[in-house]
Structures are given as structure tokens and as C-alpha cells.
Amino acid sequence: MCIAGDGSPGSVGEALAMAEAALDFLNGPARDEIDPAALSEILLTLSGIGAKYSAAWNACLSRFDANDCHDSEGYPTSASWLAHKTQTTFPAARGQVKQMRQVTARPALDEAMAAGLLSLSWAREIIGLTKPLPPEMRDGIDTLLLDAMARGADLDDLRMLIRTAIETWKSQQPDPDEPDDGFADRGLTLDPTYGGAGHMRGDLTAECTAALQAVLDALGKKQGTEDDRTQAQRYHDALQEACELLIRAKMTPDRAGADTRIDAVVSLAELLGLPGATAIEDAWLAAGAAAGHHVFLSGTAAETISCDALITPVVTGGADWNVITEIIEVVAGALTGHRPAGTTENPSVPPLGLSPEEWEALQHAVAKLSIGFVSGPGGLASALRTGLLGHPCNSRSLPLDVGFAQSIPDAIRRAVIRRDQRCRWPGCDRRPAQSDVHHVKHKKDGGPTSVDSCVTLCQYHHDICVHRWGWAIDLLPDGEVRVTSPDGRVLRSHPPPPARAA
């Protein structure tokens with residue numbers, strides 16, 4: 001270790017090594033030899049060191065947070081990095097980040113801590129008690145409180161000074177019922193500019209400012225490691241999303257309402273398990289005739305809500321990769337006259353001598369053909385639904401594939417939302433109310449409008465990641481979403497299908 005002539009360290013690394021060595025000494029056998037009469041002075045000194053340590057921690061964490069250093073290690077926020085890297089619970093990590101931002105925003109308190117003159121505990125107390133004061137007054141009150149401390153004021157004295165300052169400030173505020181309180185000066189202007197862009201400026205009331213700040217803070221957070229927007233850009237996108245949420249929720253005036261809607265959801269597996277399903281399946285495979293029993297809504301509550309409702313029957317299903325593997329093995333066996341090699345000896349080796357990538361591509365191709373075989377107006381799902389269920393669940397199917405279209409029909413939109421349940425971008429869990437249905441392949445590139453070519457994405461991941469930053473998105477037959485950045489980085493919603501059935 002190299003130190004300067006006055007005993008101070010020559011670098012940050014040397015300072016950290018010296019601090020660690022000093023603490024190791026105090027935590028070693030030497031502490032048991034301390035004279036009890038000296039413990040009071042030692043504790044006072046350690047208290048000052050603790051304040052300096054807190055100031056150093058806040059300064060380093062502030063720079064870490066401001067430079068988004070957590071992104072380089074794959075964490076979306078400084079709090080999540082702290083929780084995973086420093087043996088800190090996530091609530092405590094969020095508290096540390098919040099505390100850092102509060103203290104570093106009060107320069108006088110921060111400097112007093114760095115000098116060992118103000119403890120972190122007292123700094124937190126001062127910050128909490130002075131919240132009612134406007135920001136422009138806080139630097140002055142902090143200087144006043146530190147001067148009082150230097151003259152021997154204790155915490156009770158500081159509390160009294162803060163209460164006095166708050167009462168004095170309140171007495172100088174105009175009566176909220178008076179016309180000169182600034183309310184009459186409120187205003188907002190939005191000026192359209194070239195190309196449909198705009199410029200907004202205004203004078204907001206305190207209530208409007210607080211409400212807008214809450215919205216921007218809630219919707220303007222970073223959304224993942226791929227999010228490199230500035231805070232101003234995130235706030236702009238948050239304002240757009242807030243307006244779109246309001247419109248989508250039909251909470252803007254003069255927009256027509258809609259009747260209650262009921263989606264009657266039944267899985268294909270449940271349809272296959274109903275009495276008569278086997279006969280209908282056989283008949284459908286042979287020629288396609290359907291007959292069955294009826295299932296009706298019942299009860300006063302059901303009658304009341306469904307009286308004028310728009311009822312849509314929805315048949316759901318899931319991907320079973322064991323079945324896809326069996327189909328491939330049956331076809332391969334029929335073509336070669338024997339069971340394909342590699343399907344039993346080593347489950348980790350794909351059949352037919354294919355590479356893992358080739359095997360996954362073959363599975364996806366067979367899965368897409370299988371979906372087309374059983375779906376659609378003349379498919380097995382439709383035959384079972386119309387043959388086994390009664391009115392209104394056996395009604396005519398809604399279009400779920402319309403080819404190329406300028407807009408996504410309501411039936412396709414509802415089916416996609418029912419399937420996805422949330423934003424499908426890997427790692428995003430925004431609800432459908434915060435998302436919308438979009439084409440996987442852009443409309444301008446001829447992307448078809450169908451359930452299996454549309455996906456639910458939130459405003460950030462669609463408008464920013466896909467359209468602005470050029471990420472490509474693929475919706476695979478098993479429902480997996482795979483996104484690829486322009487530089488080749490791949491994110492997946494879940495692992496690829498297994499090589500074969502276990």
C-alpha cells in the first residue's frame with residue numbers, strides 16, 4: 001500500500017483498503033483489550049465515521065444511479081442491482097435509493113454528513129419534517145438548522161425551529177379563496193408543428209402538477225436493459241401512454257359506450273371430454289357432421305347480465321410438443337419402415353439425425369400445419385363447439401383471419417388479448433389495458449391480419465423498441481415470443497421446445 005506523506009491514501013483503491021484494514025483491526029482481538037473508560041470516546045468517533053461513510057455511500061450510489069451503471073450488468077434499476085449484489089432485501093434496497101436521492105438533493109445536509117457533523121438519522125428526520133416547505137426554502141432552513149446545531153441545539157430544538165418556519169411560511173400564503181392565488185393564471189397550450197409534431201407549454205396549478213408528476217413517475221420508469229431513453233424521453237412516452245389509456249378505457253367525454261360483453265371460454269380439451277365428442281371427432285375426420293346436447297346460461301344473475309350482452313364463444317387450446325414429436329415419428333416411421341433412430345436411446349439427441357436448430361424448425365412447421373388442420377370454421381374445434389354446445393355458444397364463428405387489412409377487427413383483437421393476457425415482450429408483464437394488439441409483420445410490409453400473426457405489446461415495446469429501434473419480433477407456433485435486436489441480441493419468453501418427449 002502506498003500512502004502520501006501525511007498518511008492519506010493516494011487513490012480510491014488505497015482508501016478502501018485502509019478503511020477495510022481499520023475495520024478488520026477494530027473487529028479483531030484488539031477490541032477486547034479496549035479500556036472500558038475509552039469506549040465512550042470510541043463510539044463517538046465511530047458515529048462521526050458512520051456519518052462520513054453514509055455520505056460517501058450516497059455519493060457513489062448517486063453517480064451509479066445517474067449513469068445507469070446497473071444496465072451494463074443486466075439489471076433494470078439501481079434498487080434491483082443492490083438487492084442482488086449487496087445482500088440487501090428489495091424493500092431495503094429501494095429505501096436506500098430513495099434515501100440517497102433525498103439526501104443528495106439537500107447539499108447543506110450532505111456536506112455536513114461528509115464532515116461528520118450530522119448523522120444520517122438526524123438528516124432523515126430533518127428531511128421528513130421539512131417536507132411541507134416549498135423546495136426553494138429548504139436550503140435556507142437547512143443552513144439555519146446546522147448553525148443551530150453548531151451552537152449546541154438538540155433534535156427537539158431543531159423540531160421547534162422547523163415548526164416555526166412552517167407556521168411562518170403558511171401565514172404568508174394567500175387565502176386559497178382569494179382570486180390572486182395564481183389559479184386564474186393556469187393554462188396549457190399545444191401548438192402543432194411540421195409533420196404532425198407539437199410543442200406544449202403551460203402554467204399548472206399545484207394540484208395538476210402533483211397529479212401529472214404521479215402519472216409520469218408511474219409510467220415513465222425504465223422498462224428493461226434495452227431501455228436507453230433519457231428521463232425526458234421516458235416522460236414524453238409516459239404522457240402519450242396515459243392519454244392512450246384514458247381513450248382506450250372510454251373515459252373521455254362524447255365517446256359512445258358499448259353493451260356488456262361476455263366471452264364464453266371453453267378449452268378444446270374440455271370439448272373433447274364432453275359426452276359425444278368422440279363420435280363428432282370421428283364424423284368430422286370422415287366427412288364432417290355434428291350433433292350434440294345443449295349447455296345454457298342459468299340463474300337470475302346470468303340472465304340479468306346476459307340479457308343485452310354480446311356473447312362470444314371462445315375455444316382455447318395449448319401446445320403439446322409430445323404430440324408434435326409423435327406425429328413426426330409416425331411419419332418418419334411410415335416413410336422408412338421402422339421407428340426413427342435416436343428417439344429412445346438418447347432423449348437429448350433430436351430424431352432423424354437433425355441438429356437442434358433443424359429439429360426445432362421442423363417442430364414449428366408441423367405445429368403450424370396442425371393448428372391449421374383443426375382450426376377455422378371447418379376445423380375440429382368448430383365442429384365440437386357447434387355440435388356439443390347450445391345457443392349462443394354454437395353460433396356462427398367470428399373471422400379470425402382476414403388476410404391483409406388496414407385495421408385489426410374487433411374479433412381478432414379480443415382473441416389475441418384472450419390468448420396473450422399481457423404484453424408478450426419477454427420480461428414485460430403490462431396488462432392488456434396498458435397494451436394493444438399489433439401486427440408481428442408490419443402492415444406496410446404486407447403483414448396479414450390474423451390471430452397467429454398479431455401479438456399484444458405495450459406502447460413502449462411496440463412504438464419504441466419495434467418501430468423506432470428496429471427490434472424484430474417472432475410469434476412461434478407454441479405461443480413463444482422471440483425478439484431480436486438489430487445487433488443480434490435475442491430475448492425469448494421461454495426456452496425452445498424439447499428435442500423429444502421424455
Would one find more than 12 heavy atoms of other residues, nucleotides or ligands at under 6.0 Å from atom [atom1] of [X]?
{"X": "F25", "atom1": "CZ", "result": "no"}
{"X": "R468", "atom1": "CZ", "result": "no"}
{"X": "E41", "atom1": "CD", "result": "no"}
{"X": "R63", "atom1": "CZ", "result": "no"}

Can you check side chain to side chain contact (heavy atoms under 4.5 Å, CB included) on T143 and D139, steps first, answer last?
CA-CA 6 Å; T143 301; D139 286 344; 5.6 Å; no

Close side-chain approach of [X] to [Y], heavy-atom, < 4.5 Å:
{"X": "V97", "Y": "M100", "result": "yes"}
{"X": "M200", "Y": "L239", "result": "yes"}
{"X": "H467", "Y": "H462", "result": "yes"}
{"X": "L212", "Y": "T209", "result": "no"}
{"X": "Q99", "Y": "I127", "result": "no"}
{"X": "R31", "Y": "L26", "result": "no"}
{"X": "L145", "Y": "I162", "result": "yes"}
{"X": "M113", "Y": "L120", "result": "yes"}

Between [X] and [Y], which heavy-atom pair has the shortest distance, and what is it?
{"X": "R229", "Y": "R234", "value": "O-NH1, 3.2 Å"}
{"X": "S62", "Y": "T104", "value": "CB-CG2, 4.2 Å"}
{"X": "C458", "Y": "C428", "value": "SG-SG, 4.0 Å"}

Measuring from atom [atom1] of [X] to atom [atom2] of [Y], what distance do you get when rounded to the nearest 0.5 angstrom?
{"X": "K222", "Y": "D71", "atom1": "NZ", "atom2": "CG", "value": "5.0 Å"}
{"X": "H70", "Y": "L82", "atom1": "NE2", "atom2": "CG", "value": "10.0 Å"}
{"X": "D228", "Y": "D68", "atom1": "CG", "atom2": "CG", "value": "9.0 Å"}

Go through the steps to decide whether R159 and D156 satisfy the test salt bridge (Lys or Arg N to Asp or Glu O under 4.0 Å), and finish with yes or no.
CA-CA 5 Å; R159 290 182 179 127; D156 286 336; 2.9 Å; yes

Are W425 and Y460 near enough that their ring centres are under 6.0 Å apart?
no

Any pair with a residue in residues 80-100 that passes salt bridge (Lys or Arg N to Asp or Glu O under 4.0 Å), sequence neighbours left out, goes on the list, sorted by first then second residue, please.
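Output for this query lists E73-K85.
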
Apply the test side chain to side chain contact (heavy atoms under 4.5 Å, CB included) to residues V466 and H438: give CA-CA distance (whole Å), side-chain angles for both, the deciding distance (0.1 Å), then the verdict.
CA-CA 11 Å; V466 174; H438 302 283; over 6 Å; no

Side-chain (T88) to main-chain (T86) donor-acceptor, under 3.5 angstrom:
yes

Quick one, H461 with V483, criterion side chain to side chain contact (heavy atoms under 4.5 Å, CB included). Give me CA distance, side-chain angles, the key distance, then yes/no.
CA-CA 10 Å; H461 283 121; V483 296; over 6 Å; no

